[in-house]
> 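Structure incoming, see below.
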Amino acid sequence: MADGYMNRFLFVDLTRLEARSVPVPERLKKDFVGGKGFGARLLFELCPKGADPLGPENPLMFMTGPLTSTAAPAMRACLVTKSPATGLFLDSYFGGRFGPEIKYAGFDGLIITGRAEKPVYLWISDLKTEFRSAEKIQGTDSLEANRLIKADLDEPEACAATIGQAGENKVATALINCEYNRQAGRGGAGAVMGSKNLKGVAIKGSQLVRTADPKRFKNACKDALREIRESEACAELTEFGTSAAVSFSSEIGTFPYRNFRSQSYGKADKIGAQGQSKHLFLGKSACFGCPIRCSQSGAVRTGKHAHFVTDTVEYETAAMLGSNTDISDIRSVAYLNRLCDLYGLDTISAGGVIAFAFEAAEKGIIDSPEGVDLKFGSSSGAEFIIESMAFRKGPLGDLLADGVEKACRKLGQNTEEFAIQIKGLECPGFAPRGTPGMGLAYMTADRGACHQRGFMVGYELGGQPYQGQQVDADTLTGKARILKERQDYLAGSDALVKCDFGAMGVSPETYSRLLSAAAGRNIPDHFFDSLGERIWNQTRMFNLREGMTFKDERLPGRIIKETVPDGPLQGKIITEQDMLFLREDYYRVRGWDVEGRPTPETLERLGIEDGNTRYFTTG
Amino acid sequence: MQSRIYIKTNFDLCTGCSLCQLACSERLFGGYNPHLSVLRIDHRVENLYHFPTVCNQCANPYCANVCPAGAVARNQETGAMVVDSDKCVACGLCGRYCPIDMIRTDPETGKSIKCDLCLGDPQCAAACPTGALEVIRINPEPSDV
């Protein structure tokens, strides 16, 4: 019976250059649904304990969900692997056209292990897989690799996911470019791909994705589209993409400035919607199947960096490569963004690394190489660091290529105080002092500091009510409960795989109806909350198994020791005591022990099985 | 003059979202795959531009001109060139000679499939969120005027 799934995974062993199709177990679909859920369970089963993230045994998994590639609006796909940045569970999401094509080629997911002897790329077309030489493509940037792969195949309509030089050089912040302007950005998945000698994956297919109840599914799609149409938040994304959040964040005081020393930026308008509308935007572009069209596509057509195509400089990129490095010319920020895309670097982490290096240089801990100005506001300094990282040029490039956590451990001299990271992942662009719930979200996110696993700023300073009540920003009590609910719902709906922007319009009830009609299963109330709690605890079990402890779940030194020096949140801090209270409360709410380990009762309640019980064996 | 329906493509409004193609493949095959739809979007210059192409329902229809079985004919109510699958012999000539590559092949029967304007209510245009696909209706002059 049609159920929205293709009901096959493609297992690829790059060491043996073998690929085979494996049925998706019914029980896996029932318990984990897809996307993040599949990834959470499969990483636990397929990645050996203690595996080197850059070793052949670490699986690199592209996962879709039961709604990916259907007409359900704003669906995506995700990448799951063990992160070289954190050594922990990593899920990274991407829109665009690559994800849907996985299902059109006949698969719900691609599970890639091993290491090819020589550089290769994969060509997957209608259940057939070819291993093709990438020796002539190796060394190119991610977009040139995309072009060369399609030319080599003579398949202009294929979609390709590629890495740039950063991935080849196993940089901890390397991403996978899922054409165009869509990336599996965070956590270093590009380095995992590079470690496998895999330069790209090209894919195309003519399989139909069918649903169990087409009529009911189409009606649910109509409701989802209507909810998006009626959503003010979605309308703002249509108008400006995420750039509108730049000025807003600066006004409420959550915009990181100069390596998170301050939290607002006097020049925010220049790098936000206002500056971008003037200098960049030309038209709108959408991910596959999405009516929101948040991409404000355009070009830099004036100034010294003209001419190149650019998407919206996303909020996070504007925050981290702009304000956090004090670079206020949006064309320069767009150029740095472009370099990161080409070399294949996460702009969030790159911005964190650059700001860390600028501060270290300011304090005399590292030296600016001759002819280079490593200081806040220096676009050429930022460009130098991006290139040094991507190519691991010189001792400085090599040091920074592993991210700020490893860099501060090597540098010593109290640099950990201004290494703005959690569990090895650089903090994203919402500065948390004054929003303790957001701080807790960063501390407890499964992939390291992340703003997409419970966006507490919305409640704390954005005026979003919780159960009809306004939420006081400074209050600590109760934040853990709100956060748990958000984390669970998001993890559950990331099994579909939904886009966070679509979810600003589409209601939980409509997601339930979409899944119910597509998969032909009964979806009870609060399904995504309980599914998400199971997934969240599953990723927790992986992280604990890989050596993470409660001691890793803490905020960076600056956040708990320095008050915000100016701006709307002047004087705010999350003290060590606040942090410990929040964490303790959170563990309690989650049904975990005082050291953050799910109790046997919690695991039993959620139906999470240990490592000895497997959903499937790879044979 | 006969009644005609056209789909006008406005590339300046197209975002490349493909909701049109999904609606099309769903109607034709009962499932989703843009490659099986009978309209196309060319995504160019890193998605800076998206060019939708739909069947032109030509006045000089090459598809019908080359068909050896007389299977492609104009529907008088919509003006669409429509494939009669009972007559189609699956030779593929219509697709081979369509200048804008608008003919698909049914994966099961091998017969040709093309845009029939959804019998007057184009689902692609209904699914388009931006007006990039615009339905233009030309009604015949009342004969008694």
Side-chain angles (χ1 to χ4, degrees), chain A residues 2 4 67-74 96-97 100-101 103-105 126 143 146-147 156-157 159 179-182 204-211 214-215 217-218 221-222 225 228-229 238 282-295 297-299 308-311 338 341 518, chain B residues 9-53 95 101-110 113 118 121 123-133:
Chain A
L67 303 184
T68 307
S69 76
T70 70
R97 313 186 68 79
E101 213 62 45
K103 286 176 79 171
Y104 299 141
D126 279 335
L143 290 185
N146 182 301
R147 192 185 67 75
E157 283 196 22
C159 288
E179 73 168 87
Y180 292 96
N181 300 306
R182 294 293 178 269
K204 186 184 162 191
S206 60
Q207 311 293 307
L208 271 182
V209 178
R210 295 176 193 270
T211 58
K215 195 174 167 202
F217 185 72
K218 280 203 300 192
C221 287
K222 276 184 194 157
L225 288 164
I228 287 174
R229 252 194 329 270
T238 301
L282 292 171
K284 296 184 195 303
S285 189
C287 285
F288 183 82
C290 183
I292 299 175
R293 53 193 183 275
C294 67
S295 277
S297 45
F308 64 89
V309 173
T310 180
D311 202 319
R338 178 78 179 176
D341 288 356
Chain B
T9 60
N10 301 308
F11 73 86
D12 54 318
L13 295 177
C14 181
T15 67
C17 75
S18 300
L19 284 166
C20 53
Q21 295 178 298
L22 290 170
C24 181
S25 77
E26 205 279 335
R27 173 178 176 262
L28 291 173
F29 300 107
Y32 299 104
N33 188 320
H35 305 300
L36 300 177
S37 68
V38 289
L39 71 164
R40 183 174 71 242
I41 306 175
D42 293 312
H43 311 278
R44 297 189 196 160
V45 194
E46 298 174 31
N47 290 342
L48 184 58
Y49 315 115
H50 303 275
F51 285 85
T53 306
D101 191 22
M102 281 291 106
I103 314 273
R104 301 286 170 269
T105 305
D106 187 313
E108 283 173 16
T109 64
I113 294 176
C118 297
D121 182 18
Q123 294 301 295
C124 54
C128 178
T130 66
L133 299 180

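Just so we're on the same page: letters track the sequence lines, and every chain starts at 1.
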> With a 4.5 angstrom heavy-atom cut-off, which part of A:K222 approaches chain B: side chain, backbone, both or neither?
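Neither; nothing under 4.5 Å.
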> Look at the side chain of A:R293 and the backbone N and O of B:T130, then say whether any donor-acceptor pair between them is shorter than 3.5 Å.
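No, A:R293 side chain to B:T130 backbone: no donor-acceptor pair under 3.5 Å.
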> Which answer fits A:I292, side chain, backbone, both or neither, if we ask what part of it has an atom under 4.5 Å from a heavy atom of chain B?
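Neither part, no heavy atoms under 4.5 Å.
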> Could you report the tightest heavy-atom contact between B:G31 and A:R210, atom names first, then the distance?
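Heavy atoms of B:G31 and A:R210 come nearest at CA-CG, 4.3 Å.
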> Do you know which two heavy atoms are closest between B:R40 and A:E157, and how far apart they sit?
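Shortest heavy-atom separation between B:R40 and A:E157 comes out as CD-OE2, 4.0 Å.
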> Measuring heavy-atom distances to chain A, does B:C14 have an atom under 4.5 Å in its side chain, in its backbone, in both, or in neither?
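It is the backbone, since no side chain atom gets that close.
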> Could you give the distance from SG (A:C221) to OH (B:Y32), rounded to the nearest 0.5 Å?
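Spacing of SG (A:C221) from OH (B:Y32) equals 5.0 Å.
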> Relative to chain A, which segment of B:L36 carries a heavy atom at a distance below 4.5 Å: side chain, backbone, both, or neither?
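Only the side chain of B:L36 comes within 4.5 Å of chain A.
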> Quick check for you: among A:A2, A:G205, A:S69, which has the greatest number of heavy-atom pairs under 4.5 Å with chain B?
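Going by pairs under 4.5 Å, I would pick A:G205.
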> Relative to chain B, which segment of A:K103 carries a heavy atom at a distance below 4.5 Å: side chain, backbone, both, or neither?
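Looking at A:K103, nothing touches chain B.
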> Let's test your reading of the structure: which of A:C290, A:P214, A:P100 forms the most heavy-atom pairs below 4.5 Å with chain B?
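Greatest number of close heavy-atom pairs with chain B: A:C290.
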> State whether the side chain of B:N47 and the backbone N or O of A:S297 hold a donor-acceptor pair below 3.5 Å, judged by distance alone.
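Looks like no, no N/O pair under 3.5 Å.
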> Roughly how far apart are B:L48 CG and A:T310 OG1, rounded to 0.5 Å?
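Here the rounded value is 10.0 Å.
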> Just give me the residue among B:P34, B:G30, B:A23, B:P107 that pairs up with chain A most often, heavy atom to heavy atom, under 4.5 Å.
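It is B:P34.
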> List the steps and the verdict of side chain to side chain contact (heavy atoms under 4.5 Å, CB included) for A:E179 and B:E46.
CA-CA 8 Å; A:E179 73 168 87; B:E46 298 174 31; over 6 Å; no
> Kindly give the heavy-atom pair with the smallest separation between A:R97 and B:S18, and that separation in Å.
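In this case the closest contact between A:R97 and B:S18 is NH2-OG, 3.0 Å.
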> Could you tell me the separation between the CG atom of B:L28 and the CG atom of A:L208, rounded to the nearest 0.5 Å?
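The CG atom of A:L208 is 10.0 Å from CG of B:L28, to the nearest 0.5 Å.
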> Verify the distance criterion only: is there a donor paired with an acceptor across the side chains of A:E101 and B:H35 at less than 3.5 Å?
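Note: A:E101 and B:H35 side chains meet the donor-acceptor criterion.
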> So for atom OH, which belongs to B:Y49, do other residues, nucleotides or ligands contribute more than 12 heavy atoms lying within a distance under 6.0 Å?
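Count not over threshold, so no.
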> Begin with the C-alpha distance, continue with both residues' side-chain angles, and end with the deciding distance and a verdict on side chain to side chain contact (heavy atoms under 4.5 Å, CB included) for A:F288 and B:L22.
CA-CA 10 Å; A:F288 183 82; B:L22 290 170; 3.7 Å; yes
